[in-house]
Amino acid sequence: MTETSARAQPTARTRKPVNLNALLVEGRALVALVVIIAVFAVLSDNYLRPENLIIMTRHVAMNAILAIGMLLVILNGGIDLSVGSTVGLTGVIAGYLLKGYEMPFTALIAYPPVWVVIIVSLAIGSLVGLINGLLVSRLKIAPFIATLGMLYVARGIALLITDGETFTRLSGDPQLGNTGFLTVLASQPLGIPFPIWVMVVFALAFSLVLTRTAFGRWLYATGGNSRAAELSGVPVKKVQTWVYVASGFCAGAVGLLLTADLPAATPQGGSLSELNAIAAVVIGGAALSGGRGTVRGTIIGAFVIGFLVDGLVIIGVSTFWQQVIKGAVIIIAVGIDQVQQMLTARSAIKKAQVKTPLKTPEAVGAGA
Amino acid sequence: MTETSARAQPTARTRKPVNLNALLVEGRALVALVVIIAVFAVLSDNYLRPENLIIMTRHVAMNAILAIGMLLVILNGGIDLSVGSTVGLTGVIAGYLLKGYEMPFTALIAYPPVWVVIIVSLAIGSLVGLINGLLVSRLKIAPFIATLGMLYVARGIALLITDGETFTRLSGDPQLGNTGFLTVLASQPLGIPFPIWVMVVFALAFSLVLTRTAFGRWLYATGGNSRAAELSGVPVKKVQTWVYVASGFCAGAVGLLLTADLPAATPQGGSLSELNAIAAVVIGGAALSGGRGTVRGTIIGAFVIGFLVDGLVIIGVSTFWQQVIKGAVIIIAVGIDQVQQMLTARSAIKKAQVKTPLKTPEAVGAGA
Amino acid sequence: MNQGDVVLRAVDVSKTYGVTRALKGVNFEVRAGKVTVLFGENGAGKSTLMKILSGVEQPSGGHLVLHGRPVEIRTTNDAVDLGIAIIHQELNLAPNLSVRDNVFIGRELLTRAGTVDRRCEDEITAELMARLEEDIHPSTPVGDLRLGQQQLVEIARALAADARILIMDEPTSALSHSEVQVLFKVVADLTTHGVAIVYISHHLEEAIEIADHAVVFRDGELVAQRDAEGLDMDWVVRSMVGRAAEYDFRDEQREHGDVALSIQDVRVVDTSAGGRLAVDGVSIDVRAGEVVCLYGLMGAGRTELMEALSGRDQVASGRVLLHGVDLKGRSIGERIERGIGLVPEDRQRDGLVQLMSVGANLSLASLLGSIKRLLVSKKAETASIEREIEDVKVKTAGPGAPITSLSGGNQQKVVIGKMLLTDPTVLLLDEPTRGIDVGAKGEIFSLLFREARRGLAVLYVTSEVGEALTASHRIVVMAKGKVVAELDPRTTTRQEIMSASEGTVEASGSTTSSPDSSPIGATS
Amino acid sequence: GSSSSDAGSGSSSDGGEGGAGGGTISIISVDQSNPYWKAEVATAESEAKKLGYKTTAADHKNDPSTQNELIDTAISKKVAAIILDPAGADESVGAVKKATDAGIPVLLVNAEISEQGIAKSQIVSNNAQGATVGAQEWVKSVGDAGGEYVELLGAPTDNNATVRSDGYGQIISQFPNLVMVQQETANWDRAEGKSKMETMLSAHPDIIGVVAGNDEMALGAIQALKDAGKLEQVKVLGFDGNQDAVDAVSDGEMVATVLQPIVEGTTEAVKQADEFLKTGKTGASSEKQAIDCVLITQDNAASLDNFVLSE
Ligand SMILES: Nc1ncnc2c1ncn2[C@@H]1O[C@H](COP(=O)(O)OP(=O)(O)OP(=O)(O)O)[C@@H](O)[C@H]1O
Ligand SMILES: Nc1ncnc2c1ncn2[C@@H]1O[C@H](COP(=O)(O)OP(=O)(O)OP(=O)(O)O)[C@@H](O)[C@H]1O
Ligand SMILES: [Mg+2]
Ligand SMILES: [Mg+2]
């Protein structure tokens, strides 16, 4: 009896605020996206054509995957500037393995099969993340600095591996049994490019992790109130380390997709993509202070940026204006959020003011 | 008697750490610098030649001036990613004015004198900073995002102004009375290049501001604990706005110096220099969380980076290795810092635990 | 095991923080099925001992014995595994998470698939809420909850661990009387099942009410203990306050100057909690030289009122007059200039700049006073700092010492000194004695009354009835954002103050009430 | 005739973007904030307009994935033709193929791709030849005395940087008394060229020459040498034919630069695109058409105006 009342009756009252807040924050990103689509749909008839939507979505996918990894880091209250370089590094590693590498101390050249290549690349990406994570969680180096250093190191290593060259000829060779890299990663199951599938899978997987697993709860907790989490026995340091690993893993995946997409492994791959990823996460309603943010919002954020940039190209806005507009949209998309919150606060105060005073000061004074 | 014990005893414990910490934090940057100089001095006979020291110092100066502005922002707990673009923008403005601009609605071309050019450029730089500041302090947009947006906007505007061109011929024309830009900004009073003088002046001026003015105290207070500062009547919003203005102003100065140095105004000027500035500040012992950091440390940090990068070129390390080493040094320089602090913290606790039979201030108070 | 067996024993435990010796060799026992109550002034060392028992802190000396066997409890997880759960004095919740998430955080129930079993957790959470007779949906974000409700979530979390030893460090500080009664039912139920309870509260009556065994701490030592029979307020207060300077300022100079601060029908909105009215039509006058005490439970809206007066929060409606001048639209700085400043509730969060020295903290609010030719004159600044350090008796190595090297009480004196340096005519203090120890407390009040004698108008918030009674000229009781009573400390009783603070009808507004024989009322 | 009309319809079918001559020509260049590529785009735009096409221009900043995205958008825009300055010989093959498969003719200017038979034509300025003539002139000016010299390289991932560097090397290596003491990347950038030059000068004070991968870096180096008062003793070689560089050459500050016939090449590319759209043939004999670069020395510098050599 009390059971039911305790469980059923509140739903009506308390459920609302939960969704509302979430919706509002993401909602704003969604509004931005709708506006962008609407504007460009008017300005160009091609914008909404299915082929174009698919193409733009494929462009979004790369950034979205990076952004998902970045989201975890940001939920933890950190930041990862090294993802762009990690993309370059892992891509180069893949290219390096596919074209075959001399085994040390022997004259042999090894041609690992594609699945090995993929696993190794992802592992390298995760390793870079692990190093970031340890620097941040153990040595207590500010995430910004640790990952800034890694930004240079990873890019440098990528350049060293290729000596500045670009690896092509990634299709492999039946004799060597290392074919399939492109046929898989650049394929289009059901007419949908592979990267989009990856984005979908990652999105589902990571929102599962965030919403359904203990780790996800711990992550939000550490982001929201690290001390409370620690007192509740949450392995705060482990959580902090793993989010960077996740980010590195995502970067690795993007590195592979990018390489297959070109198809060529260039050490410059992914430059500056960290900024787009961060922008996507924040536009998607996450707080850089940590504890707030969702995969759904992040994906929307990625679409906002991608659809904007491509749209500007399609309607033929000059390269220079593209930059101005992109920057302005980032600021506005996040600004609306803040302004809105202030307005609600204002209106609350207004409401309080219209309430006519119940008792006059005198009355109380007399009472005293 | 107990009084004195209560008074005297802490001195031993507390006084030292104060100075020590300050010294240690900067000390570490200094150590790094000394090591770097020593290493390169051994590897190249030219490294310590006066001319080379002057050249390297001139390279340092540009970054140091940016870093000083960045220091203020970081002391406030913020970050300014837009300084690089601001350098480009202000440089272009200067070039634009020097080469003469068509006055709107007239066929006339105006050739403002050099001092006007300089003032306008600095004003533009400060204006960019002001916008950043207002976005952060009024709209409460996260500094990272606000200045990230500005990074794109400012760069885009710079490109639009020049339409991608590079302005040369900045020496002006006696007839037009706009000569002197180069003769002043690229001069070498007492054999020391102008940028170095500017660095020195800025360093002195800003450390005066930080250490001797109310604003400086307010800045450290807001960075240390903005809520407490606010309740103490500190105009936290104003302080927050002004640090970005200062940063923009410094960027403006660098924009002018860079333009005079080439001599050419290119819209790409200053790209990515924000990262070097941030690195310098943090290597110099500042905390990205705000409230901790000094101009001296920042300058040292700038020297660490500059002398490292140039040194690597002088001994002819490959470009790729240069990046790896630079990143590693950033991480290490800051990492040592953290490790050291942990160790000192440990030992402090140990010390506290061994000395048991001491009367606590409370007890004394109670006795009174 | 049987009722009354000793399950957990702290043997000669001591704890040192820097120079602060929080515990000085304490021997302490916890008995199965019994409620052991800890009494002690702020800073006596109660929480510190509890933190040691629950693995949050490690003792500097001594050891623990569990079920007769020596144990080391290194982490909170160790404690939970050993069946020890704790409700911390300060809330430890993640506001961005739901009630359910907070209850089970770190102890998730997993499905076979390895995911969190939300349904099961929801059910248990709902049951706990039902048990605490609170109607809160498990998926409500904790951030949206009232402080009291948040504290209930904290309690629910401890219950969910169903531990054999349950430590409650001031679990009721934000609860209303009725909510407290519910908690006591739960406690009684637990003890009958042999659970050992350690209970800490500053609400002495309620503590005495459920105590099976009482222990009194003072300055980090266990100074007295006895069983329930014959346990009464007198004994508790005597053993608690002990040799510490008793203060009673009730009969200080009664005739006050004219109205310095006039609060007229002020409303304050708590924008964070969905436009709730945190302060709802409050009117108070404070006269020069008068010390007014603002009593209430947590969540009564006192802090909001204080912060609105200080200029941090916006006053939604009503007027605030300082010497007849409306402060509307004035910034915090301008208000300080005009002579009204706030000593905030949370010293660490709002009072101090931890990275700065004692001197810099002291002069922060009055810096503009020592400006000479655009620069801060070191001479003028140091002079005023040294003067203030003497004046408020801060025990420090000197102006250069880091603020963190001071004891809580001295830190508080620095915050107060900072405001006094701006020579205010009205001083607002929110919980000025929270978490500071016996000696400092007395000093702070004598300081306040000394300034009052010099004509300062003082309005301070407290949650301790004792303070309200002994250290004020007038007691204003707030509940649910409204002023429910204005009482004269010479004529009123603890009982009256407390029942008024519940916001219950019969007490509201009553100023005339039968004077109670004993200054310290007994529970009915 | 007929073929032109269906070319026209082919592009004008994409709602209203079709113009008089039939459709839009998409110009994808490297970086319009560099005068060289700016000239490239400007030429293409004016030429296309002359022939009655609409144009859109974009930069890929030498980033293959950006180039990929630009090609994608061009495809989904169903542009009539693409004039592309590819981002890397290998990286760009895929992109060009994609467009060609989508039935959009791609004509390459300035740089080539490593496969034939995909693009309709590759009108490249002959970098190898340019580097050769440049190097020969430079060697002449440094004289037989010989000595040490340094090289400023373009962006390491840009194969033009390699081609030119190799071209220089081939010639200079024939003169054993000319020793390259250092190579540094300055990413085609003037400011970086200057600071790298300054630092290299400290390491090697007595160099007699600098060969730079492009004019921007060369101009940076010249400024560094001026500041160090060594411009007399050091001979600088540039590449591209920027107006600034050409002026420097006529002022005798730069030994020589190599004019890439970018205007000529781009004009030709647009013409051939138009031809192809109308007749299905570019009219050019072969896909690969290397236009030789022109050496710019003090003698002919005067007659050069913004990449156009007036005979
Ligand atoms: N983390 C800490 N660092 C330094 N000193 C501390 C720390 N925690 C507590 N103290 C000091 O130890 C002493 C005991 O603190 P404790 O919290 O145990 O007192 P308490 O009895 O719980 O007081 P209250 O009734 O206010 O909770 C106080 O002087 C306090 O200032
Ligand atoms: N009904 C409520 N709903 C939501 N939040 C509440 C409610 N009541 C209080 N709070 C929050 O709890 C906190 C404590 O309230 P507040 O500090 O105003 O009360 P108080 O009388 O000052 O109690 P104390 O000073 O002892 O904490 C405030 O942040 C307030 O926003
Ligand atoms: Mg306590
Ligand atoms: Mg309060």
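Letters A, B, ... mirror the listed sequences (proteins, then strands); counts begin at 1. Everything numeric in this text was worked out from a predicted model, so none of it was measured.
- You'll find the side chain of D:K77 stays beyond 4.5 Å of the side chain of A:R49, heavy atoms only.
- The distance from atom CE of A:M56 to atom CD of D:E69, rounded to the nearest 0.5 Å, is 11.5 Å.
- Listed here is the closest heavy atom pair of D:T73 and A:I314: CG2-CG1, 3.7 Å.
- The candidate from D:N68, D:D72, D:T162 with the greatest count of non-hydrogen atom pairs under 4.5 Å with chain A is D:D72.
- Between atom CG of residue A:D261 and atom OG of residue D:S65 there is a gap of 8.0 Å, rounded to the nearest 0.5 Å.
- Minimum heavy-atom separation, D:G94 to A:P263: CA-CD, 4.0 Å.
- Environment of NZ in D:K49: crowded, with over 12 heavy atoms of neighbouring residues, nucleotides or ligands closer than 6.0 Å.
- Only the side chain of A:L258 comes within contact range of chain D, with heavy atoms under 4.5 Å apart.
- Interface summary for chain A: among D:D90, D:T185, D:T66, D:V93, the most heavy-atom pairs under 4.5 angstrom belong to D:D90.
- The OG1 atom of D:T56 sits 11.5 Å away from the CD1 atom of A:I315 when rounded to the nearest 0.5 Å.
- Side-chain contact between D:P64 and A:T266: present, with at least one pair of heavy atoms (C-beta onward) separated by less than 4.5 Å.
- Counting only heavy atoms from C-beta outward, the side chains of D:K61 and A:T319 approach each other to under 4.5 Å.
- Put simply, OG on D:S76 and CD1 on A:I54 are 11.0 Å apart, with the number rounded to the nearest 0.5 Å.
- With a threshold of 4.5 angstrom between heavy atoms, D:D63 does not approach chain A through any atom at all.
- One side chain, D:E91 or A:T166, offers a donor N or O that lies under 3.5 Å from an acceptor on the other.
- At a 4.5 Å heavy-atom cutoff, the contact between A:F320 and chain D is made by side-chain atoms alone.
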